[in-house]
Amino acid sequence: MRRSRSRLPNSNSAKAPISGPGGRSPAAVARNKQNAAIAPKPVAALYEAYATVSLHDGEMDVFKRAVGGQVRTLRENLPHDDPAVTAAAFATGDMWLALRDGRTAELSYRAVERQALADGNATLAMLATLRRAELANARNDPAGASRLLAEAEARPAATDPALRSVSRVVRLRLAAQRADDSQVDRLVREIGHDNSTRPVLIWGPPL
């Protein structure tokens, strides 16, 4: 009886599966992490996908390591002003939120805000402040949320149409939390009539 041999997936295959947690190695990440310097975005995407699988499977330590790998891969191999690095700036704070640690998430977002201000990155700094406002709102701190929103809207970057749209959505969520129906209606109309930016998701069903 001839014994069949399984074939290992090609390291260049885009269809190579990511092994799940629970003792199984993250195969795709392990095969491709040495390519981080030449293809940081695809490698970071593998880490992000593995983090998602780990979170859904309840493997929180693996989840944290995968998020760390995602952020580190982008920061170490791309310019600091690359959009992918900017987008990943909040990944650590979002990770702590997923772990239900709002205090550490706030510290993480605040660190992003401070560094962005030091670097003169007005867009990232304002996005970080708005993220902090949303977190304060979610933690039932309406006064803190309103203060942070006002701080963000007072910055010069707030005149940017895209940031103004984000700010309106945050203000809408604050109004919804307060059950301020008149302001909610007004803000929905304003957002709906704003044609200067791409459409913004105001609400979506939980995944």
Side-chain angles (χ1 to χ4, degrees), residues 40-42 44-45 47-49 51-52 67 70-71 73-75 77-98 102 105-139 141-178 180-207:
K41 292 180 182 179
Y47 275 115
E48 183 179 11
T52 301
V67 172
Q70 174 198 354
V71 174
T73 297
L74 294 171
R75 285 181 176 170
N77 297 288
L78 290 172
H80 76 277
D81 57 350
D82 187 282
V85 177
T86 301
F90 301 112
T92 303
D94 293 346
M95 175 195 76
W96 289 116
L97 272 186
E106 158 63 22
L107 292 174
S108 179
Y109 295 145
R110 181 70 182 99
V112 172
E113 180 185 39
R114 272 199 297 261
Q115 188 61 53
L117 289 170
D119 293 341
N121 190 334
T123 296
L124 182 57
M126 182 167 173
L127 288 173
T129 307
L130 292 171
R131 191 67 66 98
R132 293 177 63 209
E134 287 203 274
L135 177 57
N137 189 50
R139 299 177 75 190
D141 179 12
S146 297
R147 176 182 57 78
L148 288 165
L149 179 57
E151 180 182 322
E153 292 178 333
R155 291 179 180 164
T159 58
D160 179 275
L163 291 176
R164 185 171 64 244
S165 180
V166 175
S167 178
R168 282 176 175 168
V169 171
V170 174
R171 186 168 289 282
L172 172 61
R173 289 171 178 161
L174 267 62
Q177 182 83 342
R178 297 193 307 269
D180 187 339
D181 294 341
S182 62
Q183 188 175 25
V184 167
D185 291 342
R186 178 178 62 78
L187 288 166
V188 167
R189 286 194 299 271
E190 287 181 5
I191 294 170
H193 294 154
D194 185 359
N195 297 318
S196 61
T197 59
R198 64 181 176 82
V200 175
L201 177 66
I202 295 174
W203 181 87
L207 298 177

Separation of F90 CZ from L97 CG (nearest 0.5 Å): 12.0 Å

Least distance between heavy atoms, A91 atom then V71 atom: CB-CG2, 3.7 Å

Side-chain ion pair, R155 and E113, N-O less than 4.0 Å: yes

Q70 side, atom CD; T73 side, atom OG1 - distance, nearest 0.5 Å: 8.5 Å

E134 side chain reached by L149 side chain, heavy atoms, under 4.5 Å: no

Distance in Å, L130 CG paired with R173 CZ, rounded so as to fall on 0.5 Å steps: 10.5 Å

Salt bridge (charged side-chain N to carboxylate O under 4.0 Å, His left out) partner of E153, chosen from R147, R171, R168, R164: R171

Point-to-point distance, once rounded to the nearest 0.5 Å, from NE2 of H80 to CD of Q115: 9.0 Å

Student check: side-chain heavy atoms of Y109 and L148 closer than 4.5 Å: no

Non-neighbouring partners of T123 that pass side chain to side chain contact (heavy atoms under 4.5 Å, CB included), sequence neighbours left out: N121, L127, L163

Over all atoms of both residues, closest heavy-atom pair of P79 and V85: O-CG2, 3.4 Å

Residue pair L117 / A125: nearest heavy atoms and the distance that separates them: CD2-CB, 3.6 Å

Residue pair T129 / E151, side-chain donor-acceptor N/O under 3.5 Å: no

Note, V170 side chain near R131 side chain (heavy atom, < 4.5 Å): no

Side-chain touch V166/V169, heavy atoms, less than 4.5 angstrom: no

Exercise: identify the closest heavy-atom pair between A89 and V112: O-CG2, 3.3 Å

Least distance between heavy atoms, A152 atom then A158 atom: O-CB, 3.9 Å

Distance (rounded to the nearest 0.5 Å) between T86 OG1 and L124 CG: 5.5 Å

Separation between OG of S108 and CG of L135, rounded to the nearest 0.5 Å: 10.5 Å

Taking every non-hydrogen atom, the tightest pair across A84 and L78: CB-CD1, 4.1 Å

Side-chain heavy atoms of L174 within contact of S146, under 4.5 Å: yes

